[in-house]
Amino acid sequence: MLFEFDSDQQLWQKTVREVTAKECPPTLIRSVVDGGADPASLWKSYLGMGWTELADPDAAVELAIVVEELGRATDPTPFLATTTQYAPLAGDSGPDHAGAAVYDGVKAYRDSSGWVLHGTALRVLDGDRAEQIAVATETGVFTVAADKVTAKRSAVFDPVLHVADVTFDAVRVDDPLTGIDVERARHIALTGLALSTVGACQRVLDLALDHVRNRQQFGVAIGSFQAVKHRATDMHVAIQRARALAYFAALTVAENDPRRRLAASMAKAAAGECQSLVFRNGLQLFGAMGFTWENDLQFALKRARAAEHMLGSASEHRALIAEEYRATFV
């Protein structure tokens, strides 16, 4: 495995960053939150540029680059749910529609007329605006058109993020999909959330560094104070650690490496621990200004925090890592 971007990947990262800076600026995010603007045109531009075609596992690192950059931009579209959750679970390597994934809460049974889904899945990312939903059950994986279910958006910490409770009330579906590796799909989903968190944390650090370079106290920039430097350095180290583990997880997906299960949990745990530290230090460096609605810091902080509450927290994944270690080495 290579642990550094090659020249093509570096160019891809630069291109994605330039596109997001132009197409998904902070003004768009604020217009979505304050004015209820519809980000549909942004989603269509992603489809037009072929970014959703990166859902193929062979392009896991290239997709990881996009997911991190969109996390950094607080992307308001269903890109994360579609490419890292729905597509792997539905076996769709290039979705041209918004999708969501359900991993638990729904049961499948068969009657004289065919397969039926019943249950309620809680906190489904983009469950309220997906066109198709992939549902993992003990029986197998099914795909369902969104108009067959009832989705209710939940009020969550991140006002840009769409999270919904999705109810399947005796929904009739076709036969389950074949050849779907549910465990692998879940690992990709965990890696996607970790990368989105890393991107959001990087945005917090970028904003904080810009602030401490320009904020004056006692005639000098507050960034020159040792205590401020220590907090910024801690943030940088935590982000680099979480980023390294997240990209390692993406590499294990691309290579179908058997360490994928452990790598995905390590990435999710590191990202959760990273956002906790970055959240505290980022607010501390901004002081009271960081709590104001007018400060764009809030959007990155909320995006970083939100992912911690999906598909397992840092502590839960730490426990999984410990169990894996004990089963293997003890």
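- Across all non-hydrogen atoms, the minimal contact from I239 to C201 is CD1-O, 3.4 Å.
- Within a 6.0 Å sphere centred on CG of D210, other residues, nucleotides and ligands contribute more than 12 heavy atoms.
- The OG1 atom of T167 sits 8.5 Å away from atom CG of L122, with the distance rounded to the nearest 0.5 Å.
- Between Y46 and W51, the ring planes are parallel. Angles under 30° get that label, and only those over 60° would be called perpendicular.
- Counting only heavy atoms from C-beta outward, the side chains of Q217 and F225 approach each other to under 4.5 Å.
- With values rounded to the nearest 0.5 angstrom, I188 atom CD1 is found 11.5 Å from E183 atom CD.
- Taking OG1 from T191 and CG from L63, the interatomic distance works out to 10.0 Å, rounded to the nearest 0.5 Å.
- Under 3.5 Å, the side chains of R243 and Q202 contain a donor-acceptor pair of N or O atoms.
- Side chain of S265 to main chain of L262: no donor-acceptor pair is present (N/O by atom type, distance under 3.5 Å, no hydrogens or angles).
- Of the possible donor and acceptor atoms, one in the side chain of R30 sits under 3.5 Å from a partner among the backbone N and O of E294.
- When the side chains of ILVMFWY residues are joined at heavy-atom separations under 4.5 Å, either directly or via intervening members, V278 and L209 end up in a single hydrophobic cluster.
- For the pair T83 (side chain) and F79 (backbone), a donor-acceptor distance under 3.5 Å is present.
- Checking side-chain atoms of S196 against main-chain N and O of G192 turns up no donor-acceptor pair under 3.5 Å.
- Taken from CZ in F157 to CZ in R303, the straight-line distance is 12.0 Å, to the nearest 0.5 Å.
- Remark: D34 CG is packed, more than 12 non-hydrogen atoms of other residues, nucleotides or ligands lying under 6.0 Å away.
- Within the 3.5 Å criterion, the main-chain N or O of R123 finds a donor-acceptor partner in the side chain of D165.
- Between R280 and S276, the side chains place a donor N or O and an acceptor N or O closer than 3.5 Å (distance only, hydrogens not considered).
- Between V19 and M49, the shortest heavy-atom contact is CG1-CE, 3.7 Å.
- Residues V32 and V156 share a single hydrophobic cluster, defined by chaining ILVMFWY side chains whose heavy atoms lie under 4.5 Å apart.
- R241 places a side-chain heavy atom less than 4.5 Å from the side chain of E273.
- A donor-acceptor contact shorter than 3.5 Å links the side chain of Q9 to the backbone of D6.
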- Message: Using side-chain contact (heavy atoms from CB on, under 4.5 Å), reason through D128 and K152 one step at a time and then give a plain yes or no.
- Response: CA-CA 6 Å; D128 62 318; K152 182 179 179 181; over 6 Å; no
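- Nearest approach of L297 to G290, heavy atoms of both residues: CD2-CA, 4.0 Å.
- Judged purely by atom type and a 3.5 angstrom limit, T252 uses its side chain to pair as donor or acceptor with the backbone of A249.
- Pairing each heavy atom of L117 with each of A108, the nearest pair is CD2-CB, 3.6 Å.
- Here T77 contributes atom OG1 and L70 contributes atom CG; the two are 6.5 Å apart, rounded to the nearest 0.5 Å.
- In this structure, the side chains of L311 and Y103 come closer than 4.5 Å at one or more pairs of heavy atoms.
- For the residue pair G282 and V204, the shortest heavy atom distance occurs at CA-CG1, 4.0 Å.
- Relative to the six-membered ring of F279, R305 meets both conditions, a distance below 6.0 Å and an angle of at most 45° to the axis.
- Remark: aromatic rings of F291 and F286 are distant, center separation not under 6.0 Å.
- Remark: Q226 CD is loosely packed, at most 12 non-hydrogen atoms of other residues, nucleotides or ligands lying under 6.0 Å away.
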- Query: What's the verdict on side-chain contact (heavy atoms from CB on, under 4.5 Å) for F142 and F168, showing C-alpha distance, side-chain angles and the deciding distance?
  - Reply: CA-CA 12 Å; F142 300 84; F168 298 77; over 6 Å; no
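- You'll find the side chain of D234 reaches within 4.5 Å of the side chain of N281, heavy atoms only.
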- Query: For D75 and I29, what are the C-alpha separation, side-chain angles and deciding distance, and is it a side-chain contact (heavy atoms from CB on, under 4.5 Å)?
  - Reply: CA-CA 8 Å; D75 175 53; I29 306 306; over 6 Å; no
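- The line from CD1 of I65 to NZ of K14 is 14.0 Å long, rounded to the nearest 0.5 Å.
- With respect to D111 and R172, a salt bridge is recorded, a charged nitrogen being found less than 4.0 Å from a carboxylate O.
- At most 12 non-hydrogen atoms from other residues, nucleotides or ligands lie less than 6.0 angstrom from CZ of R261.
- Using a 4.0 Å cut-off between charged side-chain N and carboxylate O, K268 and E316 make no salt bridge.
- Cluster membership for I321 and F248, using ILVMFWY side-chain heavy atoms within less than 4.5 angstrom, is not shared.
- E138 and K107 are not joined by a salt bridge, as no carboxylate oxygen comes within less than 4.0 angstrom of a charged side-chain nitrogen.
- The closest side-chain heavy-atom distance from R110 to D175 is below 4.5 Å.
- The closest side-chain heavy-atom distance from H97 to T52 is not below 4.5 Å.
- The same ILVMFWY cluster, assembled from side-chain heavy atoms under 4.5 Å apart, contains both V67 and L125.
- W12 places a side-chain N or O within donor-acceptor distance of the main-chain N or O of E62, the cut-off being under 3.5 Å.
- Side-chain atoms of C24 and L42, non-hydrogen and from C-beta on, do get closer than 4.5 Å to each other.
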- Full working for side-chain contact (heavy atoms from CB on, under 4.5 Å) between L177 and L89: CA-CA 9 Å; L177 302 173; L89 195 57; over 6 Å; no
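- Placement of L193 and F299 in two distinct hydrophobic clusters is found when ILVMFWY residues are connected by side-chain heavy-atom separations under 4.5 Å, directly or transitively.
- Between A130 and G99, the shortest heavy-atom contact is CB-C, 3.7 Å.
- In this structure a side-chain-to-backbone donor-acceptor pair under 3.5 Å is present from Q298 to W293.
- Counting heavy atoms from C-beta outward, R184 and V253 have side chains that approach closer than 4.5 Å.
- Between the side chain of T137 and the backbone N or O of T139 there is at least one donor-acceptor pair closer than 3.5 Å.
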- Message: Determine whether D126 and Y86 satisfy the following criterion, side chain to side chain donor-acceptor pair (under 3.5 Å), listing intermediate values before the conclusion.
- Response: CA-CA 10 Å; D126 284 311; Y86 166 77; over 6 Å; no
